[in-house]
**Q** 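One structure coming up, written as structure tokens, with questions to follow.
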Amino acid sequence: MNPLQPGSSRDDLGDLLPRFDLRGMDLSLQRMQEALKELQHPAAAVPAVQVVGTNGKGSIACFIHHGLIAAGLRSGLTVSPHLLSWCERIRVNDQLITIEELRSLLQGLQPVVTTCRLTPFEQLICAALVHFEAQRPDWLVLEAGLGGRLDATTAHPHRPLIAIGAIGLDHREHLGTTLEAIATEKAAAIPPGSHVVSAAQLPEVQRVLERTAAAVNASLRWVEPLANDWTLGLPGELQRSNAAVARAALEWIGGDASESISVAAMRKGFAAARWPGRLQWMQWQGRRLRVDGAHNPPAAAALAQERCRWRAADQAQSWVLAIQAHKQAPAMLKHLLQPKDQAWIIPVPEHRSWSLEQLQHAAPELAHQLRGAANATEAFHQLEHDGWPQAAPVVAGSLYLIGHLLETHQLQAE
């Protein structure tokens, strides 16, 4: 499956989906519940595995989706964000929704959008469910947005299975200032009597998950990372934990004899899984570099661990980083930068971002390692002028940046 559909840009639906930051964050489950009632509860009879967490949600959803396909089941997947096309967010098996289909769905939803005052994300989840109602998949894989308790995907009434990615400190302005508060918001998506699977979590998160599961009579299974004899289509050691969550979810689904899922099918699906923008090799004018969507401190810590598998900490690494203004950029830098590293700080296209000067002030001990550029192209030219580093540079900090570079053909996937 090619995760990206050419010929569609981010702005194809700009007349129907305003920029997310213009509406602002407005978490509420009531709007979605009212909208789905107006729409006569699309896909309500289709069971869903809801994927919640801070990091790794997209990867877990991708592994589950491909495992279902490999087992011969029809899987409806909705994820966020996208890199090039809104169509990436909604697919059944290998088939992305077409831009024409998505436009038609969104146009048909406008009366409900107006009545219920739906956010752009809520519109997309409604469109996905209407699409799934027509396609009738066997299972839905719903990647939650930033929350859980009030997330649009939580409005789906049939979620017997919850898969949980790593929970860490992010979106504190919306979910709470402590790890326990954030975990509580995300764990609140767990329905009564459901089954929950999770890889290892920080102690505060583990306590919240165990307490919440017990309170709603949900079963909870903890899993260890998959062994190295599993071939994964997504790079990075952390993917072994994400794939383990997906395996446990598929095993639970396969507990129904009518939907048996073999280990062989899981292995085939996991090997076929692809998810762009995650530790992916790309090229700029024939020069190799890595890109990764790490955009918060926990993801930066995981990326730093991966970096130590590429080279020793005393070897220099060049970074090109674009970080949105509401993210914890100083903490990210402290995870990423080793003493010999240099980082080019650039803006996230079309988003408020941390500047070089702000980061030098916020992290003075790292100021001498930071350089500025107006955009990624300027940073790449500076790297080339200095002699393109033997150790491939890493572009990170925002999936919006990666999507922009692909859309404008500044980067090409290998």
Side-chain angles (χ1 to χ4, degrees), residues 2-11 58-59 81-85 88 233-236 239 274-296 299-300 302-311 315-324 327 329 332-333 335-338 340-351 353-356 359 366 369-414:
N2 180 3
L4 304 181
Q5 179 167 302
S8 300
S9 74
R10 238 186 237 104
D11 297 324
S59 298
H82 60 273
L83 285 182
L84 293 180
S85 167
E88 297 164 39
L234 306 184
Q239 296 299 351
R274 298 291 184 273
W275 210 238
R278 280 75 173 177
L279 285 179
Q280 184 178 8
W281 283 107
M282 293 189 181
Q283 290 195 3
W284 174 78
Q285 297 186 0
R287 304 283 197 178
R288 295 190 87 203
L289 44 76
R290 280 186 174 97
V291 302
D292 189 77
H295 60 276
N296 55 42
L303 179 55
Q305 290 179 350
E306 290 296 334
R307 172 261 176 88
C308 290
R309 295 185 177 93
W310 310 332
R311 63 186 57 87
Q315 293 181 298
Q317 174 67 60
S318 298
W319 304 86
V320 177
L321 303 174
I323 306 173
Q324 291 187 75
K327 298 294 183 179
M332 290 176 62
L333 291 183
H335 283 301
L336 291 175
L337 295 189
Q338 295 293 336
K340 294 183 179 180
D341 293 357
Q342 284 193 319
W344 276 255
I345 307 301
I346 64 172
V348 181
E350 301 179 359
H351 290 79
S353 311
W354 282 85
S355 69
L356 171 65
L359 277 172
L366 300 174
Q369 296 177 256
L370 305 181
R371 299 176 63 173
N375 50 51
T377 298
E378 183 177 305
F380 296 153
H381 279 301
Q382 289 184 25
L383 282 164
E384 191 169 46
H385 180 268
D386 295 342
W388 194 264
Q390 185 176 4
V394 177
V395 180
S398 171
L399 283 169
Y400 293 114
L401 168 66
I402 297 168
H404 171 79
L405 295 176
L406 287 169
E407 185 179 35
T408 56
H409 307 291
Q410 297 178 61
L411 292 184
Q412 292 79 40
E414 291 193 347

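What you see is a predicted model; the values in this text were computed from it and never measured.
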**Q** State the CD-OH distance between Glu407 and Tyr400, to the nearest 0.5 angstrom.
**A**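 Here the rounded value is 13.0 Å.
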**Q** Would you indicate whether the side-chain heavy atoms of Trp388 and Arg288 approach each other to under 4.5 Å?
**A**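 No; the side chains remain at least 4.5 Å from each other.
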**Q** If you compare all heavy atoms of Gly236 against all heavy atoms of Leu279, which two are closest, and at what distance to 0.1 Å?
**A** CA-CD1, 3.6 Å
**Q** Rounded to the nearest 0.5 Å, how far does CZ of Arg290 lie from CZ of Arg307?
**A**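 Interatomic distance, Arg307 CZ to Arg290 CZ, rounded to 0.5 Å: 11.0 Å.
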**Q** Apply side chain to side chain contact (heavy atoms under 4.5 Å, CB included) to Gln280 and list each qualifying residue two or more places apart in sequence or on a separate chain.
**A** Pro276, Met282, Val291, Ala413
**Q** Taking Ser398 for the side chain and Ala322 for the main chain, is one N or O donor matched with an acceptor at less than 3.5 Å?
**A** no
**Q** Flag the pair Ile402 / Arg278 as yes when at least one side-chain heavy-atom distance between them is below 4.5 Å, and no otherwise.
**A** no
**Q** Go through the structure and list residues passing side-chain hydrogen bond (donor to acceptor under 3.5 Å, both in side chains) with Glu306, not counting sequence neighbours.
**A**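 Only Arg309 meet the side-chain hydrogen bond (donor to acceptor under 3.5 Å, both in side chains) criterion with Glu306.
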**Q** Val394 and Trp310: side chain to side chain contact (heavy atoms under 4.5 Å, CB included), yes or no, with the steps?
**A** CA-CA 12 Å; Val394 177; Trp310 310 332; 3.7 Å; yes
**Q** Quick one: list whatever passes side-chain hydrogen bond (donor to acceptor under 3.5 Å, both in side chains) with Gln283, sequence neighbours left out.
**A** Glu414
**Q** A side-chain contact here means heavy atoms from C-beta on lying under 4.5 Å apart; do Trp319 and Leu303 qualify?
**A**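 Yes - at least one pair of side-chain heavy atoms lies under 4.5 Å apart.
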**Q** Is Asn375 close to Ile346 at the side-chain level, that is, under 4.5 Å between some pair of heavy atoms?
**A** no
**Q** Quick check for you: to the nearest 0.5 Å, what is the distance between Leu333 atom CG and Gln369 atom CD?
**A** 9.0 Å
**Q** If you take all heavy atoms of Ala373 and Ala379, which pair is closest and at what distance?
**A**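 Smallest heavy-atom distance, with atoms named: CB-N, 3.7 Å.
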**Q** Using 0.5 Å steps for rounding, measure from the NE2 atom of His404 to the NE2 atom of His351.
**A**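 Rounded to the nearest 0.5 Å, the NE2-NE2 separation comes out at 12.0 Å.
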**Q** Could you tell me which non-hydrogen atom of Leu405 sits nearest to which non-hydrogen atom of Ala376, and how far apart they are?
**A** CD2-CB, 3.6 Å
**Q** Yes or no on salt bridge (Lys or Arg N to Asp or Glu O under 4.0 Å) for Arg371 and Asp386, after CA distance, side-chain angles and deciding distance?
**A** CA-CA 13 Å; Arg371 299 176 63 173; Asp386 295 342; 2.9 Å; yes
**Q** Any side-chain heavy atom of Leu370 within less than 4.5 Å of one from Leu337?
**A**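 Yes; the side chains approach each other to less than 4.5 Å.
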**Q** What pair of heavy atoms forms the shortest contact from Ala294 to Ala300, and how long is it?
**A**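 Shortest heavy-atom contact: CB-N, 4.1 Å.
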**Q** Using atom types as modelled and distance alone, determine if a side-chain donor or acceptor of Glu88 lies under 3.5 Å from a backbone N or O of Leu83.
**A** yes
**Q** Heavy-atom distance under 4.5 Å between the side chains of Leu336 and Asp341, does that happen here?
**A**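 With C-beta onward as the side chain, the pair stays apart.
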**Q** Just verifying a value: how many Å separate Ser318 OG and Phe380 CZ, rounded to the nearest 0.5 Å?
**A**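 The OG atom of Ser318 sits 11.5 Å away from the CZ atom of Phe380.
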**Q** Test of understanding: with side-chain hydrogen bond (donor to acceptor under 3.5 Å, both in side chains), list the residues that count as partners of Ser59, not counting sequence neighbours.
**A** Gln239
**Q** Going by the rule salt bridge (Lys or Arg N to Asp or Glu O under 4.0 Å), which residues pair with Glu378 if we only count those two or more places apart in sequence or in a different chain?
**A**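 Testing Glu378 for salt bridge (Lys or Arg N to Asp or Glu O under 4.0 Å), a comparison that skips the adjacent residues, returns none.
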**Q** What distance separates Ile345 CD1 from Ile323 CD1, expressed to the nearest 0.5 Å?
**A** 5.5 Å
**Q** Checking Gln317 now: which residues fulfil side-chain hydrogen bond (donor to acceptor under 3.5 Å, both in side chains) with it, not counting sequence neighbours?
**A** Arg311
**Q** Quiz question: by atom type and distance under 3.5 Å, do the side chains of Thr377 and Gln410 form a donor-acceptor pair?
**A** yes
**Q** Should Leu359 and Leu321 count as side-chain neighbours, where that means a heavy-atom distance under 4.5 Å?
**A** no
**Q** Side chains of Pro349 and Leu401: does their closest heavy-atom pair fall under 4.5 Å?
**A**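 Answer yes - side chains close enough.
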